[in-house]
Amino acid sequence: MSNHSQPRVAVIGGGVIGVSSAYHLARSGARVWLVTEGAFSSGASGRSLSWINSASGWSEHYHRFRMIAIDRYRTLFAHQPAQDWLRFDGGLMWQPPEKADALHEIHAYQLAHGYESHLLTAEQVADQVSGVDPAAIPAQGAIWNPGEGWVDLPSLINYLTEELIGYGAELITNAGKASVISHGGHVAKISIERHDAIGVDAVLVATGFGVPRLAAELGVTIPDATSTAMLIRTRPVETGLRAVLNTPRVSLRPAPDGGLAVDADWTTSHIDLRADGTYRVPAETIDELLAEASDALTGAPALSAAAYGIGPKPVPGDGEPVLGQLGGIEGLYVAFTHSGATLALIIGELLGYEIITGEQHPLLTPFRVSRFR
Ligand SMILES: Cc1cc2nc3c(=O)[nH]c(=O)nc-3n(C[C@H](O)[C@H](O)[C@H](O)COP(=O)(O)OP(=O)(O)OC[C@H]3O[C@@H](n4cnc5c(N)ncnc54)[C@H](O)[C@@H]3O)c2cc1C
């Protein structure tokens, strides 16, 4: 891919996808510059529930990809057993009483795919899943997925950036906007608002919800279903909860600092975008979400918000990742995905492979930009 013995690659975007890709590239021998607008984790990766799963009715190829993604986390977990930011303590999901059929359909899908899935009664939940109030479980029960987990993305990003420094990569934060400059149909350099331009052989654009905009500037359409989402982090609280909970009105999981991470789709309609680009959510919405979380937990503990983050949640229009070479410019790659917490390690590994070798990896075939033509 290069006239140089060591390929020179810039990765734009300091979220989990950019950082994981930079890590895998540097580990494979590339000279890497990781450039991001603000601080690491300042985008969606800093306000993610980060439930590691393949629970829903995905396409066959996407389910397989997610399962391989989970396997990479298990390897990391085996190598870093003492850390407190990656856990495989299971996931518990339930539906409202009127949606018993939907719950059974999910359970049947999971069983058919060999995804470990158990239908538990409220009594069994009380015995097997610590911290959950069995009174919250409806008559049809709840699905227990012991193989699921969660990751604290800012901690994972810290871990990977330390490794990156060890590989000699250059990390450029608070750089302002970076953009790609091509010459003769090939990537030539990246220009950076608050830094000198860098000449490179390849660029990976991993700018989260910004990817479709960049593609549009190059005449390539990537359908975009990005939404706005909020994540609350609570103050430390004694709950006994270890699993990820997905209930009809709230999703939550423990966090390394002893608090909880909490979100719910319904809060999106309560969020206002102000003229100055900041977001506003009523205090009652935060109170209501925390009350829903408390109701799911043993003893209904008082929960208070330590912080919350609101912003775009990148989602491709057809719900599947968009990965690999973009359009006709040689050396230009993109990564745009939802479920980026689950997928981060495998995406970084396989994009790193493609950029270094110039070969297309078969697992990425269904996720190419060209599918939208
Ligand atoms: C509330 C919420 C809940 C979620 N829950 C889950 C879940 O349970 N499971 C799961 O798997 N996933 C979940 N996700 C999704 C997951 O968090 C995201 O898919 C992932 O974090 C996206 O990472 P990213 O690196 O693509 O983007 P981001 O984290 O947004 O990073 C992009 C970075 O690029 C920088 N940037 C942008 N433009 C430029 C530019 N021109 N120049 C330089 N830098 C630039 C930004 O500043 C940002 O730091 C959730 C997300 C949210 C918001």
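Whatever order the structure lists ligands and atoms in, that order sets their numbers, starting from 1.
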Check your understanding: Do Glu354 and Arg368 meet the salt-bridge criterion of a basic N to acidic O distance under 4.0 Å?
Key -> yes
Review point. Do Asp152 and Arg233 meet the salt-bridge criterion of a basic N to acidic O distance under 4.0 Å?
Key: yes
Practice item. Anything with a heavy atom under 4.0 Å from ligand 1 counts, so go ahead and list those protein residues by chain and number. Key: Ile12, Gly13, Gly14, Gly15, Val16, Ile17, Thr36, Glu37, Ser42, Gly43, Ala44, Ser45, Arg47, Ser48, Leu49, Ser50, Trp51, Leu153, Gly176, Lys177, Ala178, Ala206, Thr207, Gly208, Ala229, Asp263, Lys313, Thr337, His338, Ser339, Gly340, Ala341, Thr342
Exercise for review: Return each pair, listed once, that meets salt bridge (charged side-chain N to carboxylate O under 4.0 Å, His left out) where at least one residue sits in residues 173-186; pairs must be two or more places apart or across chains.
Suggested key: Glu37-Lys177
**Study point:** Under the side-chain hydrogen bond (donor to acceptor under 3.5 Å, both in side chains) test, residues paired with Arg87 that sit two or more places apart
**Key:** Asp89
Run the side-chain donor-acceptor check on residues 236-244: report pairs under 3.5 Å with partners two or more places apart or on a different chain.
residue	atom	partner	partner atom	Å
Thr239	OG1	Leu241	N	3.0

Review point. Does a salt bridge link Glu288 with Arg249, judged by any charged N lying under 4.0 Å from a carboxylate O?
Key: yes
